[in-house]
Amino acid sequence: MSWTDERIELLKNLWDSGQSASQIAKELGEGVTRNAVIGKAHRLGLKSRPSPVKADKPEAPAAPKRVEKKEAKKLVTLLDLTDRMCKWPHGHPGDEDFHFCGKPSEPGMPYCASHCAEAYQAQPPRRDRRQPPRPIL
DNA sequence: CCCTGATTCGC
DNA sequence: GCGAATCAGG
């Protein structure tokens, strides 16, 4: 596959819609890797959203602006889920704040480690609480 | 190990 | 121009 106009547009849209390169790659499908996406994005001049590597290092810690509001976390909706994402739901379907855990899931599992623990609790030894059969004599 | 984007470099 | 390999960080 080559970069047709359509694909390029899709790339642009997804890119500045905040999708990660790997997610875009999946949606473009057909053997497109995140490297391809990043490479193309780079070449197109679409660039540089906060990259972990280039992250700031001002080194002057003289700015104690700690009382900032917590950044509003994006809620992981059904549409955001990919495999390898924890599918543990929070809230009730239909509610505005219904969302999924979304953390990296345990390999082969639908949930992250902690939610696996939640989901797959071994049943505690259930003592049979019915009255034992009473011998006739 | 999961993930992120950036860069390099042979094709 | 392309993107796999690599790098660099969370």
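To find a chain, count down the sequence lines: A is the first, B the second, and so on, and within it residues start at 1.
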Hey, does S22(A) reach any base, or is it just sugar-phosphate, or nothing, if we go heavy atoms under 4.0 Å?
sugar-phosphate
With sequence neighbours left out, what residues match S2(A) under side chain to side chain contact (heavy atoms under 4.5 Å, CB included)?
T4(A)
Please list each protein N or O that sits under 3.5 Å from an N or O in nucleotides 3-6 of chain C, with the distance.
{"from": "dG3(C)", "atom 1": "OP2", "to": "W3(A)", "atom 2": "NE1", "distance (Å)": "2.6"}
{"from": "dG3(C)", "atom 1": "N7", "to": "R43(A)", "atom 2": "NH2", "distance (Å)": "2.5"}
{"from": "dA4(C)", "atom 1": "OP2", "to": "T33(A)", "atom 2": "OG1", "distance (Å)": "2.4"}
{"from": "dA5(C)", "atom 1": "N6", "to": "N35(A)", "atom 2": "OD1", "distance (Å)": "2.9"}

Mind checking what makes side chain to side chain contact (heavy atoms under 4.5 Å, CB included) contact with D80(A), not counting sequence neighbours?
V76(A), T77(A)
Taken to the nearest whole Å, CD/Q23(A) to P/dT4(B) is 7 Å
Which residues satisfy the side chain to side chain contact (heavy atoms under 4.5 Å, CB included) test with E27(A), sequence neighbours excluded?
L14(A), Q19(A)
Pairing residues for H115(A) by the side chain to side chain contact (heavy atoms under 4.5 Å, CB included) criterion, not counting sequence neighbours:
C86(A), W88(A), H90(A), C101(A), Y111(A), C112(A)
Would you confirm whether H99(A), through its side chain, and D97(A), through its main-chain N or O, come within 3.5 Å as a donor-acceptor pair?
yes
Measure the distance from CD1 on I38(A) to P on dG1(C) and round it to the nearest whole Å.
18 Å
Presence of H42(A) side-chain N/O under 4.0 Å of dG5(B) phosphate oxygens OP1/OP2
no
Rounded interatomic separation in angstrom, taking NZ from K103(A) and C1' from dC1(B)
15 Å
Report the distance from atom CG of L11(A) to atom C1' of dC2(C), rounded to the nearest whole Å.
13 Å
Atom CD1 of I24(A) and atom C1' of dC3(B) are separated, to the nearest Å, by 15 Å
What is the distance from CZ of R84(A) to P of dT4(B), rounded to the nearest Å?
11 Å
Side-chain donor-acceptor pairs of residues 32-39 of chain A under 3.5 Å, sequence neighbours excluded:
{"from": "T33(A)", "atom 1": "OG1", "to": "N35(A)", "atom 2": "N", "distance (Å)": "3.3"}
{"from": "T33(A)", "atom 1": "OG1", "to": "A36(A)", "atom 2": "N", "distance (Å)": "3.1"}

